[in-house]
Amino acid sequence: TKAGAEEAHFIPLLVYRSGPYAPNGIPIANGFIDYFTLLNERDGGIDGVKVTWEECETKYNTKVGVECYEKLKNKGTAGAALINPYSTGITYQLIPRAPVDKIPILSMGYGQTAAADGRIFKWVFNAPTTYWSQASAFIKYVGQQEGGMGKLKGKKIALVYHNSAYGKEPIPTLEALSKKFGYDLKLLAVDHPGQEQKATWLQIRRYKPDWTFMWGWGVMNQVALKEAAAINYPMDKFIGVWWSGTESDVVPAGDDAVGYKAGTFHAPGANTQLHKDVYKYVYGRGKGAGEKSRVGEVLWNRGMLNALVSAEAIRTAMGKFGKKAMSGEQVRWGMENLNLSKSRLKEVGLAGFTPPIKVTCADHEGNGPVIIQQWTGKEWKFVSDWISPMREVVRPMIEAAAAKFGKENNMTPRANCM
Amino acid sequence: MANGKKIGDVLLSVQNINLSFGGVQALVDVSFDVRKHEIFAIIGPNGAGKSSMLNVINGFYHPQGGTITYRGVTRARMRPHEAARQGIARTFQNIALFKGMSTLDNIMTGRNTLMSSNFVLQALHWGPAWKEEKAHREMAEEIIDFLQIEAIRKTPTGRLPYGLQKRVELGRALAAEPDLLLLDEPMAGMNLEEKEDMCRFILDVNDEFGTTIALIEHDMGVVMDISDRVAVLDYGRKIAEGTPGEVRVNQDVIDAYLGVSHD
Amino acid sequence: MSENGGPLLSVNNIEVIYDHVILVLKGVSLKVSEGGIVALLGANGAGKSTTLKSISNLLRAERGEVTKGSIEYKGERIEHSSAHELVQRGVIQVMEGRHVFEHLTVEENLMTGAYSRRDGSAAIKTDLDKVYHYFPRLKERRTAQAGYTSGGEQQMTSLGRALMASPTMILLDEPSMGLAPQLVEEIFDIVDALNKNEKVSFLLAEQNTMIALKYAGYGYVLENGRVVMDGDAATLRENEDIKEFYLGLDSSGRKSFRDIKNYRRRKRWLS
Amino acid sequence: MEALQAVFVLPFLDMAGEPLFFLEVIIGGLLTGVNYSLVALGFVLIFKASGVFNFSQGIMVLFAALTLVGLMERGVPVWLALVLTVLAMIALAFIVERFMLRFLVNQDEIILFMATIGLAFLLEGVGEIAWGADVKELDIGIPDKSFEVGGILLNEFDLFAAATGTVLVVGLAVFFHKTPIGRALRAVADDHQAALSVGIPLKTIWVVVWSVAGIVALAAGISWGAKSGVQFSLSLIALKALPVLLIGGFTSVPGAIIGGLIIGVGEKIAEIYWGPLVGGAIENWFAYMLALAFLLFRPQGLFGERIIERV
Amino acid sequence: MFYREAGQFKTTYAGDQAVFPILQDRAFVIAVILFAFLVVPFIADDYWFQAILIPFLVFSMAAIGLNLLTGYAGQLSLGTGGFMAVGGYMAYKMTTAFPDLNILIIFILAGLIAAVVGILFGIPSLRIKGFYLAVTTLAAQFFILWLFNKVPWFYNYFSSGVIAAPPRSVAGILVVGPASTPMVRYLVALSFVVVFTLAAKNLVRGRIGRSWMAIRDMDIAAEIIGIRPFQVKLLAFAISSFYCGVAGAMFLFLYLGSAETEAFNINVSFDVLFMIIIGGLGSILGSFLGAAFITLLPILLTNLPPHLGFSMPIDLQSHIEVITFGALIIFFLIVEPHGLARLWQIGKEKLRLWPFPY
Ligand SMILES: Nc1ncnc2c1ncn2[C@@H]1O[C@H](COP(=O)(O)OP(=O)(O)OP(=O)(O)O)[C@@H](O)[C@H]1O
Ligand SMILES: Nc1ncnc2c1ncn2[C@@H]1O[C@H](COP(=O)(O)OP(=O)(O)OP(=O)(O)O)[C@@H](O)[C@H]1O
Ligand SMILES: [Mg+2]
Ligand SMILES: [Mg+2]
């Protein structure tokens with residue numbers, strides 16, 4: 001603890017409020033900040049210790065992100081409590097640095113899936129769920145819709161994906177499941193940025209898939225929706241990853257997007273107690289980070305949930321280490337012992353917003369369930385139940401990938417956690 | 001041949017060259033010989049095909065017909081850099097210096113064909129490369145002295161006035177220690193005094209190193225005074241060839257080119 | 001001053017710097033009277049082209065600047081007028097080194113000269129014919145891409161292009177360069193004709209001193225960025241130094257280029 | 001053997017096997033191609049008229065579209081917004097000339113290129129400040145329904161864009177080849193200084209050309225923005241226009257359209273019939289490789305001005 | 001008054017051909033190098049190493065590489081990112097395949113592979129010139145990245161497609177990998193840069209450098225005086241790509257630590273191009289100045305306003321930053337199109353004349 005300064009948790013915020021991905025970056029960042037502001041305004045911080053943060057603009061650029069990280073990692077009374085990189089590229093940069101700098105990484109719903117194996121990736125957390133879990137949940141959903149997993153045999157599924165590490169994430173899972181359930185899988189890569197997808201959609205028009213999944217990002221999503229509509233593809237058979245299921249993806253596509261579905265791991269809309277508190281304590285006091293009308297957008301909610309998980313990890317750590325600013329090392333422990341139970345969710349005002357999240361030493365993901373939402377033209381609406389991923393398929397894959405990573409980097413799995 | 005220097009065998013023989021560009025006949029059935037140690041002038045009105053002739057000789061243009069025999073080897077075409085390696089150097093009508101480089105570097109570049117050390121040695125600037133560089137630098141400095149351009153050794157040539165650029169270009173051509181030197185209007189844009197210097201250089205090169213020279217020039221005073229033989233082109237055809245004295249009084253030449261007889 | 005009228009163009013004590021550091025003209029003054037032909041003589045690098053470019057304001061394009069002195073045309077300061085304004089007012093420069101538009105045909109090149117004219121296509125056509133009359137070779141090559149024409153043809157093109165602007169004052173930079181001797185005479189005849197018939201004034205930088213002084217009424221000798229001598233053409237022709245160093249005449253008439261054995265020191269009026 | 005067959009035989013069998021679909025691919029390629037041409041056209045205009053390779057063309061597309069949408073969002077009627085946007089693009093041309101080009105007369109082309117990159121940054125920042133970073137829906141009331149003709153799927157909006165592109169290209173081709181200003185533009189591209197010396201007003205020329213390029217950018221912005229929404233990625237569309245330039249030639253207006261069509265069709269066919277062999281997403285580099293192949297035969301592109309090599 | 005050539009007569013050509021013929025220059029350069037090796041490691045903190053110094057060095061290396069090709073040999077290239085990727089990926093492949101091979105040697109080998117790739121993509125330069133060539137080099141950029149992204153062999157079949165620098169030691173000191181200290185990585189980068197800068201400087205002032213410049217200034221004339229354009233251009237592509245390849249390996253191993261193909265995307269190519277244009281085409285010093293300008297300016301622009309007590313929303317600040325960056329580029333080009341190196345030289349010339357104005 002540095003002398004003289006007031007005790008406060010310090011959270012570096014890598015945000016992207018400018019550049020091509022700003023439409024996504026802005027609501028996420030605002031959700032984050034609004035939640036921390038709420039904590040300070042309503043509760044005077046986390047268990048009495050204030051939260052401070054500093055934004056650093058990354059423009060979604062990996063190099064700038066690293067620069068930001070280096071700049072912020074030692075700030076605050078106890079250094080950075082944890083870091084949310086908010087970009088797959090930056091996450092990968094920080095993964096090797098985390099054990100050295102002793103700052104845990106929370107990459108919620110993105111980043112490296114294999115990091116769910118906490119025995120190798122001691123410092124990285126990707127709760128509540130990962131791309132691989134999500135992909136398996138999509139297949140489950142399709143199975144449900146088709147009337148049972150047995151009906152999957154002979155079905156055709158196309159995956160339209162951003163041609164990058166991020167976009168390729170679901171492929172191993174979908175391929176493994178295709179073997180298991182006997183559906184036909186067609187992979188269609190779309191190169192960054194994805195302004196032009198005529199060839200992709202002509203292929204879909206010919207292939208006539210029963211279902212189409214999309215792992216898209218940025219402008220690629222809107223164009224895909226437009227093109228799908230142009231070939232009269234049934235939108236309710238078109239499901240996007242949770243980064244392709246936000247307002248800024250569907251609104252620009254206008255009516256064409258109606259009926260389109262996407263995965264998510266939390267509710268849309270501003271209907272919980274917590275949202276009310278945000279209106280009251282944050283926007284009511286003129287301290288909102290963005291426009292009030294945008295509270296409750298999908299990405300605002302995700303940013304807020306992300307902030308909440310961070311804060312809960314800090315709170316958990318304070319339970320063990322005492323009422324003071326938490327260091328990265330301490331928050332790592334907090335993360336690893338995080339248990340956001342149903343009752344705790346209710347306490348923080350998020351009843352029904354998201355399923356419970358529980359992280360363990362070995363499992364940094366928690367294998368949380370996924371839900372499908374659909375765009376009505378005005379708002380996102382749940383159209384399924386919470387679907388729990390196929391852990392029996394996904395977890396071994398995660399462990400294998402983690403082991404491989406460990407081997408290449410001379411790391412041995414932690415023995416003391418199962 | 002007033003000075004009685006020894007003219008040798010045929011060094012370059014151009015036979016029945018035909019060159020056309022689309023509809024334009026730049027050269028029609030042109031033949032002539034250039035002998036060792038000679039100063040051979042090509043004259044003719046604008047657009048007669050003089051520069052094109054030089055371009056053919058050093059391989060920049062490929063004639064549609066005819067042959068070129070240089071040092072006894074006959075060929076129809078070759079790449080310009082091969083011509084350079086066989087000892088043909090030249091200057092250009094529209095100056096073609098390397099504008100971003102200093103005078104010294106331009107001249108050193110002229111010696112490129114004579115240097116051989118490889119890039120690894122050069123990167124290390126070591127042993128043979130270093131010695132080679134130094135030896136060639138000395139030669140380059142000699143040329144600089146000879147042409148009296150010491151003062152502009154380090155100036156980028158793009159900034160030099162026209163006349164000096166021509167002189168540096170001559171230096172660059174000389175640096176290759178050529179057997180055959182092709183000069184395209186080396187004295188254009190010079191005043192009398194500078195022309196006199198230039199003539200001196202050309203004569204000295206011819207005398208001292210025995211370099212054969214083929215030159216194009218519009219200043220009849222110069223041509224008549226320094227060349228041993230003259231060929232006259234008009235509309236791509238050779239209309240006359242002979243000693244300056246013969247050419248000067250040739251009526252075709254007077255009609256096509258000289259206008260009034262020059263003294 | 002020779003001939004009729006007051007000064008059309010006067011350059012007063014200008015200083016020119018290239019690239020912020022290279023001082024090239026160190027106080028040059030000269031005058032051209034209405035309908036006059038003035039020759040600018042001097043060795044390579046004396047600053048002739050620079051002087052012309054500072055008048056026509058093409059200097060800026062080479063990162064050069066007139067830092068002192070003034071230039072007046074018809075009594076008005078023109079240091080800050082742009083090149084095209086000057087062309088509209090009748091001052092045009094023929095640049096040294098040809099500068100044809102390579103991708104345009106010869107005729108298109110000539111037509112660009114008429115760009116700022118507003119006197120109708122008939123007048124332009126007449127002038128085009130006139131240029132072709134002066135330079136029949138250009139007429140033959142009118143459809144050739146200028147970049148592929150011979151040196152002399154390019155020189156004619158750039159001269160002809162300037163004539164197409166029907167200027168009142170032409171700044172000629174080495175017009176004779178690269179032209180066959182016959183044509184050189186012809187060019188100066190054209191200069192003379194334009195001067196006599198159409199009252200076009202000329203300021204010409206020319207290395208061919210003999211012919212320049214034959215046609216010019218007045219001459220300036222530049223040396224190292226300064227005017228070191230000026231006078232009527234006739235006077236200059238008789239000057240001993242000019243005779244020796246620019247005209248190559250000594251008491252016994254023209255010397256052969258072959259006979260200049262030792263390198264002489266150059267004549268320098270300064271230093 | 002099998003690999004050879006997969007590369008050299010099967011794709012063609014595939015094409016022949018489903019001719020209707022093949023036709024659809026070609027039509028899709030052509031329509032996309034026109035859209036590429038629209039972007040490429042902006043480059044051509046400025047390059048032809050000043051020898052400047054205008055890197056900021058992509059941003060100009062974005063900037064125009066942003067301005068249009070921004071105005072419409074503030075309740076300005078479509079036609080008025082269009083007029084105002086055109087005016088804004090003309091104003092931009094004035095500013096660019098006044099504060100940039102004017103000072104860079106006669107500089108190396110790479111320097112001018114670099115300056116336009118600087119300009120791209122500037123416009124990006126200004127655009128974001130002025131109009132915000134959100135994705136905006138662009139709808140100026142052009143129908144975009146799909147319909148089938150003889151089993152071939154067509155889209156109204158695509159057809160509209162194609163028509164606009166054609167009109168623009170024809171208009172500009174006439175402008176360049178039939179007016180004295182066209183000649184002057186080409187002169188400027190060859191040699192700034194000489195153009196000045198014969199009295200061509202560089203400033204006016206530049207303003208005119210940048211204005212026209214701005215208007216072309218607006219057309220491209222509308223056409224692309226309607227599909228992807230107006231947002232910052234729109235500027236990246238410039239990268240898709242570059243191979244078009246290579247094929248058509250940097251200086252040819254008709255070249256831009258032909259190049260666009262070739263690239264459009266070529267990359268679609270490659271992606272659909274050969275892409276799957278190697279895992280797809282080959283469109284991007286394929287377009288460049290295709291262009292490269294053309295260049296090896298004609299280094300100035302199909303219609304570009306001959307590169308002059310002379311001594 | 002202190003910057004004087006006068007009195008330093010070069011009595012031998014050797015003296016005149018030294019890298020830095022003027023005493024003050026020589027002393028200055030040596031001082032800078034000593035400072036960088038001996039003092040900087042003790043005064044810089046992690047942030048400086050990691051966010052400023054290492055990227056600066058890596059990009060200087062790449063900028064020198066591109067400057068050899070574009071600034072000296074006149075071949076405009078937008079494929080730098082691609083060639084860097086070759087270096088990075090190949091170094092990764094080699095060090096995972098041969099864990100015992102010295103990592104520094106691997107950097108060089110990676111450079112050599114990049115050189116071969118550079119030659120391949122340089123072949124069109126025989127016929128294609130100027131912006132046409134520049135745009136075709138994008139083919140290299142896109143194709144190489146596509147390949148590394150698509151073929152799993154290049155990223156050792158990791159499902160994520162991300163490659164990470166494994167830990168490797170030289171002489172018992174950990175030089176790469178997550179646990180290596182930034183200071184060590186800085187020193188390694190610095191050593192590479194110093195050695196290869198000298199090599200580049202030697203190349204450009206000798207025969208090869210002159211042939212490059214000749215091709216750049218006038219390729220036809222160069223050929224006519226006996227330079228083989230094809231060979232010379234390919235050599236330029238090879239050596240340039242070698243530098244870029246080594247820079248790419250450094251980029252991955254010394255700076256980023258892990259990367260996917262996106263890290264080498266086209267923006268990298270553009271950044272390096274900015275560096276050499278702003279710094280000065282055809283100037284080794286310019287490569288450094290440009291690298292400093294482009295890597296440091298954005299950082300300065302972000303960090304300066306808060307230090308001066310301005311506070312504004314972060315997005316506004318970022319936009320203003322972009323605007324300022326663009327405006328500064330234009331401003332510098334207008335002030336001196338030949339780049340910072342030329343400004344530096346003019347400064348020296350003025351100093352030499354001082355106190356006389358011309
Ligand atoms: N763009 C430039 N940058 C720097 N220096 C220049 C530039 N142009 C000319 N100079 C210098 O200015 C001086 C005068 O050049 P200028 O071209 O005016 O001479 P000139 O009298 O026309 O010579 P010439 O007879 O050879 O044409 C020369 O020393 C030249 O080196
Ligand atoms: N590459 C080319 N393409 C087309 N035409 C050409 C080419 N090279 C030369 N010509 C034409 O061939 C003719 C001869 O040109 P050349 O340059 O040989 O003339 P020249 O005798 O040197 O004239 P000058 O004395 O004017 O320099 C000219 O009409 C010219 O336009
Ligand atoms: Mg000629
Ligand atoms: Mg001159």
Side-chain angles (χ1 to χ4, degrees), chain D residues 47 51 53 55-56 99-100 102-104 107-130 132-133 236 239 242-243 245-246 249-250 278-282 284-292 295-301 304 307 309-311, chain E residues 70-71 74 76 78 121 123-124 126-147 149-151 218-221 223-224 266 270 273-274 276-278 281 315-316 318-335 337-339:
Chain D
F47 192 83
F53 184 83
F55 187 77
S56 63
F99 294 102
M100 191 174 104
R102 177 176 293 198
F103 301 100
L104 294 171
Q107 290 302 333
D108 278 350
E109 42 186 36
I110 189 171
I111 302 299
L112 283 154
F113 167 61
M114 185 71 201
T116 63
I117 297 180
L119 180 65
F121 281 109
L122 242 164
L123 287 182
E124 185 189 319
V126 172
E128 287 205 12
I129 290 185
L236 298 176
L239 288 177
L242 296 182
L245 286 179
L246 288 184
F250 280 50
V278 287
I282 63 171
N284 268 347
W285 63 260
F286 181 82
Y288 282 92
M289 290 289 188
L290 185 68
L292 194 103
L295 281 197
L296 288 177
F297 294 99
R298 277 184 71 85
Q300 69 276 37
I307 297 166
E309 293 203 321
R310 260 215 81 172
V311 281
Chain E
T70 301
L76 190 52
L78 296 174
F121 282 99
I123 290 172
L126 182 64
R127 264 178 81 68
I128 304 171
K129 297 190 174 137
F131 284 119
Y132 285 96
L133 180 68
V135 178
T136 50
T137 54
L138 284 176
Q141 170 77 39
F142 288 124
F143 179 74
I144 290 172
L145 292 202
W146 174 85
L147 190 71
N149 186 18
K150 205 87 229 174
V151 181
M218 204 162 196
D219 52 353
I220 299 172
E223 183 172 0
I224 288 174
I266 186 163
F270 276 116
L273 185 67
F274 299 166
I276 64 169
I277 298 179
I278 291 284
L281 289 168
D315 47 343
L316 181 62
S318 142
H319 299 151
I320 289 179
E321 207 181 296
V322 175
I323 293 177
T324 319
F325 187 67
L328 277 178
I329 286 181
I330 297 177
F331 175 78
F332 272 102
L333 290 177
I334 289 173
V335 172
H338 297 291

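The figures that follow rest on heavy atoms only: side chains count, while hydrogens, waters and symmetry mates do not. For clarity, every value in this text was computed on a predicted model and none was experimentally measured. By convention in this document, chain letters (A, B, ...) are assigned in the order of the sequence lines, proteins followed by strands, and residues within each chain are numbered from 1.
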Trainee: Could you state the interatomic distance from CD1 (D:Ile117) to CG (E:Leu333), rounded to the nearest 0.5 Å?
Mentor: 9.5 Å
Trainee: Side chain from CB out, backbone as N, CA, C, O: work out which of these in E:Leu145 comes under 4.5 Å of a heavy atom of chain D, or both, or neither.
Mentor: neither
Trainee: What part of D:Phe55 gets closer than 4.5 Å to chain E, counting heavy atoms only: side chain, backbone, both or neither?
Mentor: side chain
Trainee: Looking at D:Ile282, D:Asn284, D:Leu112, which makes the most heavy-atom pairs under 4.5 Å with chain E?
Mentor: D:Ile282
Trainee: For a quick test of your reading: what N or O donor-acceptor pairs under 3.5 Å do the side chains of residues 318-332 of chain E make, sequence neighbours left out?
Mentor:
{"from": "E:Ser318", "atom 1": "OG", "to": "A:Ser18", "atom 2": "OG", "distance (Å)": "2.6"}
{"from": "E:His319", "atom 1": "ND1", "to": "E:Asp315", "atom 2": "O", "distance (Å)": "3.3"}
{"from": "E:His319", "atom 1": "NE2", "to": "D:Glu128", "atom 2": "OE1", "distance (Å)": "2.3"}
{"from": "E:Glu321", "atom 1": "OE2", "to": "A:Lys59", "atom 2": "NZ", "distance (Å)": "3.2"}
{"from": "E:Thr324", "atom 1": "OG1", "to": "E:Ile320", "atom 2": "O", "distance (Å)": "2.5"}

Trainee: To the nearest 0.5 angstrom, please state how far the CZ atom of E:Arg127 sits from the CG atom of D:Leu295.
Mentor: 9.5 Å
Trainee: Side chain from CB out, backbone as N, CA, C, O: work out which of these in E:Leu126 comes under 4.5 Å of a heavy atom of chain D, or both, or neither.
Mentor: neither
Trainee: What part of D:Leu104 gets closer than 4.5 Å to chain E, counting heavy atoms only: side chain, backbone, both or neither?
Mentor: side chain
Trainee: Measure across D:Gly279 and E:Lys150 and return the closest heavy-atom pair with its distance rounded to 0.1 Å.
Mentor: O-NZ, 2.6 Å
Trainee: Could you have a look at E:Asn149, E:Ile144, E:Ile220, E:Leu273 and say which one has the most heavy-atom pairs with chain D under 4.5 angstrom?
Mentor: E:Ile220
Trainee: Kindly compute the distance separating CG (E:Leu138) from CE (D:Met289), expressed to the nearest 0.5 Å.
Mentor: 11.0 Å
Trainee: Is a side-chain N or O of E:Trp146 found less than 3.5 angstrom from the main chain of D:Gly280, in a donor-acceptor match?
Mentor: yes
Trainee: Between CG of D:Leu296 and CD1 of E:Ile128, what distance do you get to the nearest 0.5 Å?
Mentor: 4.5 Å
Trainee: Return the minimal non-hydrogen interatomic distance between E:Phe270 and D:Phe113, and the atom names on each side.
Mentor: CE2-CZ, 4.2 Å
Trainee: Parallel, tilted or perpendicular: which one describes the rings of D:Phe121 and E:Phe274, with boundaries at 30° and 60°?
Mentor: perpendicular
Trainee: Please evaluate residues D:Phe53 and E:Leu76 with respect to the criterion side chain to side chain contact (heavy atoms under 4.5 Å, CB included), reporting the C-alpha separation (whole Å), side-chain torsions for both, the decisive distance (0.1 Å), and the verdict.
Mentor: CA-CA 13 Å; D:Phe53 184 83; E:Leu76 190 52; over 6 Å; no
Trainee: CD1/D:Ile111 to CD1/E:Ile334 distance, rounded to the nearest 0.5 angstrom?
Mentor: 11.5 Å
Trainee: Tell me, side chain or backbone of D:Ala291 under 4.5 Å from chain E's heavy atoms, or both, or neither?
Mentor: neither
Trainee: Over 60° means perpendicular and under 30° means parallel, so classify the ring planes of D:Tyr288 and E:Phe142, tilted if in between.
Mentor: tilted
Trainee: Going through the checks in order, is the side chain to side chain contact (heavy atoms under 4.5 Å, CB included) test met by E:Phe131 and D:Leu245?
Mentor: CA-CA 10 Å; E:Phe131 284 119; D:Leu245 286 179; over 6 Å; no
Trainee: Take D:Asp108 and E:Leu281, measure what side chain to side chain contact (heavy atoms under 4.5 Å, CB included) needs, and give me the verdict at the end.
Mentor: CA-CA 11 Å; D:Asp108 278 350; E:Leu281 289 168; 5.9 Å; no
